[in-house]
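Heads up: the structure comes next, in structure tokens.
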Amino acid sequence: TEGNKLIEAVEKALSSFDEPALDFDSYKSVEIKQTIDLNESIEELVLDNTDLNACFGFSVYKEANIRDVERTYPDSLFVSNVIKYIISIEQPIHYENLCKRIAPIFGNQKATSKIRESVDYYIEKNLKHELCRIGDFLSLKSILKIEVKIPKLGGSVRSINYISKEELGEAMICITKQSYGIKVDDLLVTTARAFGFNRTGGNINQAMQAAYVYLLEKKRVAEIDDRK
């Protein structure tokens, strides 16, 4: 059957994959920093969102430190543990961001095609039953609730492309509960500001709109005269 052929193809690919060598010294010394999407103007970033954090009880975003993962053997187990650890800290995490996070293990600072192939390989080999993927975002199946993570004062701001609509939606739900009857436009602006963006043009506005539509489709919010 077609299903059996697919399974056979996957098994063949796994068996023939040449696991890349790890660069342990590089992994211990290299630190990957979040970068802002080039399509997002630096003027769109706000440095002080502490009032929003206190008001809505959001968590402070932090990057996973892969050096916190114990070095185990064989290498395949260690890499799989690192992948799982990164996801557990930053979930839902964008696939491309995950690849960037794990690149130092292989002596890279960027997510190359080989890095992506390696991530795919280790997920398929060791983690496929523990992870769920929605679009480009990965989470642990054991996750109970999506945590809203906003940047700390003076900290790095995630690219809007690296924030899932589910996380943006959870932020909107929290804001709505504290601001019953808020206008839609005000909700989108407040949500954008919470994640560190001072303006809602371009990609940011599209992402906010997509998250809002997602909530409507899930019937988690309802409009009453352009209010929520």
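This chain uses plain numbering: 1 for the first residue, then up along the sequence.
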>> Run Tyr122 and Asn81 through side chain to side chain donor-acceptor pair (under 3.5 Å) and show every step you take.
In response: CA-CA 10 Å; Tyr122 290 115; Asn81 287 344; over 6 Å; no

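The structure places CG of Asn205 at 12.5 Å from CZ of Phe197, a figure rounded to the nearest 0.5 Å. To the nearest 0.5 Å, atom NE2 of residue His129 and atom NZ of residue Lys141 are 7.5 Å apart. Distance CD1/Ile160 to CE/Met208: 4.0 Å, rounded to 0.5 Å.
The side-chain hydrogen bond (donor to acceptor under 3.5 Å, both in side chains) search around Glu170 returns Arg220, not counting sequence neighbours. Scored by the side-chain hydrogen bond (donor to acceptor under 3.5 Å, both in side chains) test, Asn126 finds Ser80 as partners (sequence neighbours excluded).
Clustering ILVMFWY residues whenever any of their side-chain heavy atoms sit less than 4.5 angstrom apart, transitively, puts Val148 in a cluster other than the one holding Ile146.
Looking only at side-chain heavy atoms (C-beta outward), Val221 and Met172 stay at 4.5 Å or farther from each other. Annotation: side chain of Asn97 is not in contact with side chain of Phe137 (no heavy-atom distance under 4.5 Å).
Note on residues 74-86: pairs passing salt bridge (charged side-chain N to carboxylate O under 4.0 Å, His left out), not counting sequence neighbours, are Arg71-Asp75, Lys84-Glu130.
Partner of Tyr61 under the side-chain hydrogen bond (donor to acceptor under 3.5 Å, both in side chains) criterion, out of Glu90, Lys149, Lys152, Glu147: Glu90 alone. None of Leu127, Val69, Leu138, Ile93 except one satisfies the side-chain contact (heavy atoms from CB on, under 4.5 Å) rule with Ile83; the exception is Leu127.
The environment of CD1 in Ile143 is crowded: more than 12 heavy-atom neighbours from other residues, nucleotides or ligands sit within 6.0 Å.
Proximity of a side-chain donor or acceptor of Tyr95 to a complementary backbone N or O of Gly135 within less than 3.5 Å is not detected.
In this structure, Arg158 fails the cation-pi test against Phe195, since its NZ or CZ atom is not both closer than 6.0 Å to the six-membered ring centre and inside 45 degrees of the ring normal.
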